[in-house]
Amino acid sequence: MLSAIDHLIIAVAEPDAAAAEIEAVLGLSATGGGRHEAHGTFNRLIWLADSYIELMGVFDRSLAAESWWGAHMSGLLDGASATYAGLALASDDLDSDIERLRGQGAPISDPVAGERARPDGEVVRWRIGRPPAPDPDLGLVFLIEHDTSSAEWRPADREARAGQVHPLGTSGRLARFVVPVPDAGATTFRLLRQLGMQFRPSLVGHGARDTSIGGQLLRVTPSAAGQPPTIAIRAGRQPQQADLLGCRWVIDPV
């Protein structure tokens, strides 16, 4: 079953520069990252316990053109220096989730293995299940199951990450992600059909719809074109808000 919003992906021309900007403005530090050698992409990661924000760039356009996510990233970066790109949902049993979704008629892929090489030489491994194409509103949306014997997901790694203190003075947790879309009903119907995600009318009203994933909230809200998605993080001791990298960032105090 789905256990959390695993990570949010932001396409950026320069991941290191994007990471420095977020730390300078919001006090959130990027402490991980590496290269997807087969996909022509690389990243920096802002860890929020076991969820994270992935700042992803492209180092080889020819490799990226042959990759299911690299091509999407390249296309986004043709029109912007930074923009929201996708959403990954953590699965605690990917094989069972894929079997269940296929039983409901969902067009989800077989498990696909992936890996990333870190600068220290360690390798991070995972498997994903994905719809056949990016969603027109949410971009790359897929299920991911991490290899708990590989780097970053061993018990000691997770324990250390849980206590990480960002420069703003506390640890951080991803609380909610709000995506503005032209038609919330159509978007949530696609997510139900493809990934089995059930939404309910949001208490904020105005046609918004919510779903809870673990202790996090995903909200789809009708909006005029041009409104950025909102990433809300529980961290720090003072509320903050800033528009960075094509997204609105909200810091809710711990």
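Everything numeric in this text was worked out from a predicted model, so none of it was measured. Numbers for residues simply follow the sequence, beginning at 1.
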Report summary line: Residue pairs passing the salt bridge (Lys or Arg N to Asp or Glu O under 4.0 Å) test with at least one member in residues 178-189, sequence neighbours excluded, are none
If you define the side chain from C-beta out and look only at heavy atoms, does anything of [X] sit under 4.5 Å from [Y]?
{"X": "D95", "Y": "P111", "value": "yes"}
{"X": "L28", "Y": "P167", "value": "no"}
{"X": "V250", "Y": "I231", "value": "no"}
{"X": "H7", "Y": "S51", "value": "no"}
{"X": "P180", "Y": "P229", "value": "yes"}
{"X": "R130", "Y": "I108", "value": "no"}
{"X": "D50", "Y": "R158", "value": "yes"}

Report task. Can you see which heavy atom on E152 is nearest to which on R161, and at what distance? Result -> O-NH1, 2.7 Å
Query - G34 to P119 - nearest heavy-atom pair and separation - result: CA-CD, 4.2 Å
Is there a donor-acceptor contact under 3.5 Å from the side chain of [X] to the main chain of [Y]?
{"X": "R118", "Y": "G32", "value": "no"}
{"X": "S109", "Y": "G129", "value": "no"}
{"X": "H166", "Y": "S29", "value": "yes"}
{"X": "R35", "Y": "N43", "value": "no"}
{"X": "H72", "Y": "G139", "value": "no"}
{"X": "T187", "Y": "A184", "value": "no"}
{"X": "R209", "Y": "F199", "value": "yes"}

From [X] atom [atom1] to [Y] atom [atom2], the distance as rounded to the nearest 0.5 Å:
{"X": "R190", "Y": "L195", "atom1": "CZ", "atom2": "CG", "result": "11.0 Å"}
{"X": "L8", "Y": "C247", "atom1": "CG", "atom2": "SG", "result": "8.0 Å"}
{"X": "L138", "Y": "L191", "atom1": "CG", "atom2": "CG", "result": "5.5 Å"}
{"X": "T41", "Y": "D60", "atom1": "OG1", "atom2": "CG", "result": "10.0 Å"}
{"X": "Q198", "Y": "R200", "atom1": "CD", "atom2": "CZ", "result": "11.0 Å"}
{"X": "I213", "Y": "L218", "atom1": "CD1", "atom2": "CG", "result": "5.0 Å"}

Report task. Mark yes when over 12 heavy atoms from residues, nucleotides or ligands other than Q241 sit less than 6.0 Å from its CD; otherwise mark no. Result -> yes
Query raised in the report: Is E122 atom CD crowded by more than 12 heavy atoms from other residues, nucleotides or ligands, each under 6.0 Å away?
Result: yes
Does a side-chain N-to-carboxylate-O contact under 4.0 Å join [X] and [Y]?
{"X": "D210", "Y": "R176", "result": "no"}
{"X": "D110", "Y": "R102", "result": "yes"}
{"X": "E23", "Y": "R44", "result": "no"}

Query raised in the report: When you look at L244 and L26, which way does the side-chain contact (heavy atoms from CB on, under 4.5 Å) test go after all the steps?
Result: CA-CA 10 Å; L244 299 170; L26 294 175; 4.0 Å; yes
**Report entry** Intermediate values then yes/no, salt bridge (charged side-chain N to carboxylate O under 4.0 Å, His left out), R125 and E145
**Finding:** CA-CA 9 Å; R125 296 185 177 87; E145 181 183 55; over 6 Å; no
Query raised in the report: When you look at S3 and D92, which way does the side chain to side chain donor-acceptor pair (under 3.5 Å) test go after all the steps?
Result: CA-CA 7 Å; S3 58; D92 57 14; 5.1 Å; no
Query raised in the report: Does a side chain donor of either D6 or H146 reach within less than 3.5 Å of an acceptor in the other side chain?
Result: yes
Query raised in the report: Could you walk me through whether L217 and I5 pass the side-chain contact (heavy atoms from CB on, under 4.5 Å) check?
Result: CA-CA 8 Å; L217 182 74; I5 297 175; over 6 Å; no
Query raised in the report: Who else is in the cluster with W153 when I, L, V, M, F, W and Y are joined by side-chain contacts under 4.5 Å?
Result: I9, L45, W47, Y52, M56, V58, W68, W69, M73, L77, V112, V124, W126, I128, L140, F142, I144
Query raised in the report: Going through the checks in order, is the side-chain contact (heavy atoms from CB on, under 4.5 Å) test met by T221 and V178?
Result: CA-CA 7 Å; T221 182; V178 182; 3.8 Å; yes
Query raised in the report: Is NZ or CZ of R219 both nearer than 6.0 Å to the six-membered ring centre of F177 and within 45° of the ring axis?
Result: no
Report task. Verify side chain to side chain donor-acceptor pair (under 3.5 Å) between D93 and S96, making sure each step is shown before the conclusion. Result -> CA-CA 6 Å; D93 189 340; S96 293; 2.9 Å; yes
Requested in this report: Could you check I10 against I53 for side-chain contact (heavy atoms from CB on, under 4.5 Å), going step by step and ending with a plain yes or no?
Outcome: CA-CA 7 Å; I10 302 175; I53 311 298; 3.9 Å; yes
**Report entry** Any residue meeting side-chain contact (heavy atoms from CB on, under 4.5 Å) with Q104, in chain and number order, not counting sequence neighbours
**Finding:** R100, L101
